[in-house]
Protein chains: 2
Amino acid sequence: MKLTSKGRYAVLALADLARFDNINPVSLRDISLRQGISLDYLEQIFSKLRKKEIVQSIRGTQGGYILKKRAKEIKLTNIFDAVDEKVKTVQCKKESKKGCNGKLTKCLTHNLWDELENHINNFFEEKSLEDLIKKDTNERRI
Amino acid sequence: MKLTSKGRYAVLALADLARFDNINPVSLRDISLRQGISLDYLEQIFSKLRKKEIVQSIRGTQGGYILKKRAKEIKLTNIFDAVDEKVKTVQCKKESKKGCNGKLTKCLTHNLWDELENHINNFFEEKSLEDLIKKDTNERRI
DNA sequence: ATATACTTGACTATTTTAGTCAGGTTTATA
DNA sequence: TATAAACCTGACTAAAATAGTCAAGTATAT
């Protein structure tokens, strides 16, 4: 069970973006340099974030990206959703025949996976981008 | 972010095992048939479970497996640990150079992933095999 | 004009997953 | 003691997912 780096990068890049957001648009080039993420990969990720209206692009020289909503309103769940990072524990939903239909034991673990999925999703729904930045500020080193 | 089927199968198979455990050893063949998991794959999984002393094998005709501890004492975390299903969110721990060392923004998400990891692990540490079976009994259909 | 920066889609090497396969060993029971 | 049921182990592999790269643009501030 692991997070893919696409999801991790998305959160990381947005956190970076959120810190500079008030001043100017942030270029992907800068994020790429600061966070060590390939520019091409960032473009893929931001394309998705833009489609889901999490960020807004500003073209041309001195262009870049800004947040489209306030950091407080961007939950981690929105970010993961945008880049197709899904929390997926059960498989039996799609396979209708081999699934847990009628089988007691399978249904029993099915409940467990659902519960786990909710548990994780709750975590993501509670946390906003702002929470991340706040936390960081508290811990900032000089 | 997803669970691998090795982890899912391990839990499923143990739940199956736990229900028949009091009477006789349960053969992998039976579990394989009941749960639709390949026998060869089950053997791989049970080999690991045995090494971690979660189950005990009984050889020979009419042999099979029994739980080595009480269902109450087997937590999901033990099971996942046995089959190498790890909850892994952060990557920066092993890469010492590209990691979050000195970088504020990385450290900030690092905290997040740690928090998430704990959140999930807590869930696994709370649930025991017994919880699963109990739940099932409550929902048993006639 | 032109450099900077976004935009898109196709492509690919690597890794992980989810098993299979082959060839054992052990032991209850007839 | 023969034998079949059941465990045991390690090597192998096809398929899928991941983590990007590459190429060829378009838009716009200066």
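Residue numbers start from 1 in every chain, and the chains themselves are labelled A, B, ... in the order their sequence lines are given, proteins ahead of strands. Below, each value reflects all heavy atoms present in this structure, side chains not excepted, and no hydrogens, waters or symmetry copies.
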Check your understanding: Does A:Q62 or B:Q62 map to a spot on DNA chain C nearer the 5' end, using the closest nucleotide for each?
Key -> A:Q62
Review point. Whole Å only: how far is the CD1 atom of A:I31 from the C1' atom of C:dA5?
Key: 12 Å
Review point. Does B:Y9 place a side-chain N or O at less than 4.0 Å from the phosphate oxygens OP1/OP2 of C:dG19?
Key: yes
**Study point:** Positions of residues 37-46 of chain B (non-hydrogen atom under 4.0 Å from DNA chain C), listed by number
**Key:** B:S38, B:D40, B:Y41, B:Q44
Point to revise | 4.5 Å side-chain heavy-atom contact, B:L3 and B:F80 | key: yes
Check your understanding: Ion pair present between B:E115 and A:K127, side-chain N to carboxylate O less than 4.0 angstrom?
Key -> yes
Exercise for review: Using heavy atoms and a sub-4.0 Å distance, could you list which residues of residues 47-59 of chain B are near DNA chain C? By number, please.
Suggested key: B:R59
Practice item. Calculate, to the nearest 0.5 Å, the distance between atoms CD1 and NZ belonging to A:I54 and A:K69 respectively. Key: 6.0 Å
Practice item. Return no unless some side-chain N or O of B:T61 is found under 4.0 Å from OP1 or OP2 of C:dT29. Key: no
Revision key, fill the gap. Separation of D:dA4 atom P from B:R29 atom CZ, nearest Å, is 15 Å
Practice item. List for me each residue that meets side chain to side chain donor-acceptor pair (under 3.5 Å) alongside A:R29, sequence neighbours excluded, and say none if there are none. Key: none
Review point. Roughly how far apart are A:Y65 OH and A:I58 CD1, rounded to 0.5 Å?
Key: 10.5 Å
Point to revise | Nucleotide D:dA17, atom P - distance to NZ of A:K86 in whole Å | key: 12 Å
**Study point:** Rounded distance (Å) that lies between atom C1' of C:dT25 and atom CG of B:L28
**Key:** 15 Å
Study note, to complete from the structure: From CG of A:N24 across to C1' of D:dA29 the rounded distance in Å is 13 Å
Check your understanding: Any side-chain N or O of A:T4 less than 4.0 Å from the OP1 or OP2 oxygen of D:dT18?
Key -> no
Review point. Should A:E125 and A:K75 count as an ion pair when the cut-off is N to O under 4.0 Å?
Key: no
**Study point:** Whole-Å gap separating P (C:dT16) and NZ (B:K6)
**Key:** 13 Å
Exercise for review: Apply side chain to side chain donor-acceptor pair (under 3.5 Å) to A:E73 and list each qualifying residue two or more places apart in sequence or on a separate chain.
Suggested key: A:R70
Review point. A:D30 has an atom CG; how far is it from atom P of C:dA5, in whole Å?
Key: 7 Å
Review point. For residues 42-52 of chain A, which residue pairs qualify under side chain to side chain donor-acceptor pair (under 3.5 Å), counting only residues two or more places apart or in two chains?
Key: A:K48-A:D84
Check your understanding: Rounded to the nearest Å, what distance is computed from the CE atom of residue B:M1 to the P atom of nucleotide D:dA19?
Key -> 13 Å
Revision key, fill the gap. A:E126 meets the salt bridge (Lys or Arg N to Asp or Glu O under 4.0 Å) criterion, sequence neighbours left out, with none
